[in-house]
Amino acid sequence: METIKRTKISEILDPALYGSTVCVKGWVRTRRGNKNVSFIALNDGSTLKNIQIVVDLAKFDEEQLKPVTTGACLCVTGKLVESMGKGQTAEVQADHIEVYGSADPNEYPLQKKGHSLEFLREIAHLRPRTNTFGAVLRIRHHLAYAIHKYFNDHGFFYLNTPLITASDCEGAGAMFQVTTLDLNNLPRTEEGKIDYSQDFFGKQTSLTVSGQLEGELGAMALGGIYTFGPTFRAENSNTPRHLAEFWMIEPEVAFNDINDNMDLAEDFLKYCIRYALDHCADDLNFLCEMYDKELINHLRFVVDNDFVRLPYSEGIKILEESHHKFEFPVYWGADLQSEHERFLVEQHFKKPVILTDYPKEIKAFYMKLNDDGKTVRAMDVLFPRIGEIIGGSEREADYNKLLQRIEELNIPMKDMWWYLDTRRFGTAPHSGFGLGFERLVLFVTGMTNIRDVIPFPRTPKSAEF
Ligand code: 4AD
Ligand code: MG
């Protein structure tokens, strides 16, 4: 048997190939038929679509077809013909079937019937083989590509910031420690504290919560940079919007003020969503039909409308005057909860909102202080269904003001000297933000739990796979 190069199913629905002999490889989704003919729906992940394999049982013996079960992996060669059946455009009339691997029907968990998303989370090693997760993971890929493309096309440089760090960017103290010390036999200093000088890096280190501080160093040399990497937060938030390990995109731009920063955030988000609409039509239509009939309308709406821009103080006023019953209290100075953010976006403005100028007490140390001395030039982008999707700010470029804030917050200076140096040597106004990648994927796919938009979620008490 001469070997034929494999064709992906995404490429096979090309009428130019009709009539030729093709080779397809993939996993069996379903098998049905009668005593004369078997129909196998084969999927190789390249597209949501299956290719139908038609097996004339007169040409194959029964023993050979026994291992062709749901979940089995096959290599099929045969003639590609236009299909007469409903719902598909082409099918392969099998001449030869090689079974790479069967899947025991009594054990393979993804049999034909639909499964709950909760159940699929327990089999995250197999769920990419379902239509839903195939669609989500392909959309996730296209969004990642769109992000790199956007920044590349706009003259930004991709900067890789460290994952292991000795500084706490957000100052929230939610860091995972990194150590090679023997936890059962910790070295102690004379005062009885853990002696980190004996640790791998000679000091206490953690997984990063954000690449921003190093990103700023890049921006103050290259002009405009972005990071796109994993970040880690040990906050014990068991919500549908928090992960302990998530991916963040952080552009940082020299000479941008808060307004430029908002323009960038809005343009960038719209570009990514438009990219998904243009490149993921099959997968989006599927998710729209299965989970949220309004999904595509919502995406178009965000792309086609201006975001509202509003100071925090005015946002608080709207929330107070709404007399809506919130679980968490609303007052000037309160950190907004997702219920407040969603009220502003979904009920009040019915549009994405960029909230600015938050009280300095509820924001990180590096944000530029406003002239009122009370608020900082922060900006959070709030989305329907998601709440906060982006957090960012103009940065404090003044050495003395930054130093004062670091001291007020008791941030250890020995960890910060290099960051302060940017303000000592050629400081400049600059701004940036962080987009939570999974929150964007959540919004675009219409899924409701962040655990369903990352292949292998890491959450409190859960690090399986
Ligand atoms: O608002 P955050 O904490 O901002 C920063 O880390 C800044 N250093 C960013 C910057 O200015 N360069 O996080 C940014 C975004 C949030 O808006 C949210 O979308 C996402 O990261 N995020 C999370 N996503 C999933 N799980 C979590 N636990 C998240 N925490 C934040
Ligand atoms: Mg934030």
Side-chain angles (χ1 to χ4, degrees), residues 140 143 147 151 156 159 161 165 167-176 207-219 224-253 256 258 261-262 264-265 268-269 272 312 335-338 340-341 345 352-356 358-359 362-368 376-383 385-396 419 430-444 447 449-454 457-460 462:
R140 185 179 162 105
L143 285 169
I147 288 163
F151 286 121
F156 288 64
L159 186 80
T161 49
T165 173
S167 54
D168 180 359
C169 173
E170 292 306 295
M175 302 185 83
F176 289 102
L207 293 176
T208 190
V209 296
S210 160
Q212 177 196 322
L213 301 186
E214 292 89 353
E216 285 185 52
L217 310 182
I225 63 90
Y226 71 104
T227 72
F228 188 168
T231 46
F232 307 87
R233 303 219 176 157
E235 47 193 350
N236 201 359
S237 312
N238 239 317
T239 82
R241 279 177 299 277
H242 287 87
L243 290 165
E245 177 181 293
F246 64 100
W247 288 66
M248 184 148 60
I249 298 97
E250 296 184 275
E252 192 70 34
V253 193
N256 267 11
I258 184 82
N261 206 30
M262 287 192 272
L264 177 66
F268 166 59
L269 281 170
C272 293
Y312 165 94
D335 203 356
L336 293 187
Q337 303 294 324
S338 151
H340 307 132
E341 298 171 340
V345 171
V353 174
I354 311 182
L355 218 53
T356 60
Y358 285 71
I362 58 171
K363 289 293 181 189
F365 73 95
Y366 50 71
M367 297 191 181
K368 185 176 170 68
V376 287
R377 241 164 256 185
M379 51 161 251
D380 278 8
V381 181
L382 313 179
F383 256 38
R385 292 197 285 109
I386 307 296
E388 178 190 338
I389 195 164
I390 276 181
S393 74
E394 184 170 343
R395 316 307 187 189
E396 183 57 77
Y419 183 69
H430 63 286
S431 300
F433 61 79
L435 166 69
F437 186 47
E438 285 73 21
R439 296 208 182 159
L440 175 65
V441 183
L442 201 54
F443 179 72
V444 170
M447 303 303 282
N449 194 311
I450 201 162
R451 293 165 180 79
D452 297 331
V453 297
I454 185 166
R458 296 287 175 259
T459 52
S462 168

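We count ligands from 1, going down the list as the structure has it; atoms in each ligand are counted the same way.
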Margin query: One thing to verify: whether Arg395 and Glu252 come together as a salt bridge, which I'm taking to mean a side-chain N less than 4.0 angstrom from a carboxylate O.
Written below: yes

Check: When you check the space around the Mg ion (ligand 2), which protein N, O or S atoms turn up under 2.8 Å?
Finding: Glu388 OE2

Next item on the list: Look only at the side chain of Arg458 and the backbone of Ala244, and say whether a donor-acceptor pair between them is shorter than 3.5 Å.
Entry: no

Next item on the list: Can you tell me which residues line ligand 1 if we count any heavy atom under 4.0 angstrom from one of its atoms, in chain and number order?
Entry: Cys169, Glu170, Ser210, Gln212, Arg233, Glu235, Arg241, His242, Leu243, Phe246, Met248, Glu250, Tyr366, Glu388, Ile389, Ile390, Gly391, Gly392, Arg395, Gly432, Phe433, Gly434, Gly436, Arg439, Ile450

Next item on the list: Go through the side-chain N and O atoms of Thr165 and Ser167 and say whether any donor and acceptor fall under 3.5 Å apart.
Entry: yes

Check: Residues two or more places apart in sequence or in another chain: which of them pass side-chain contact (heavy atoms from CB on, under 4.5 Å) with Glu388?
Finding: Glu341, Asp380, Leu382, Arg439

Next item on the list: State, with a plain yes or no, whether a side-chain heavy atom of Val441 is found less than 4.5 Å away from one of Trp247.
Entry: no

Next item on the list: Identify the two heavy atoms, one from Cys169 and one from Tyr366, that lie closest to each other, and give their separation to 0.1 Å.
Entry: O-CE2, 3.6 Å

Item checked: Residue pair Ile454 / Glu438: nearest heavy atoms and the distance that separates them -> CD1-OE2, 3.4 Å

Item checked: Which residues share a salt bridge (charged side-chain N to carboxylate O under 4.0 Å, His left out) with Asp168, sequence neighbours left out -> none

Item checked: Distance (rounded to the nearest 0.5 Å) between Met379 CE and Ser431 OG -> 8.5 Å

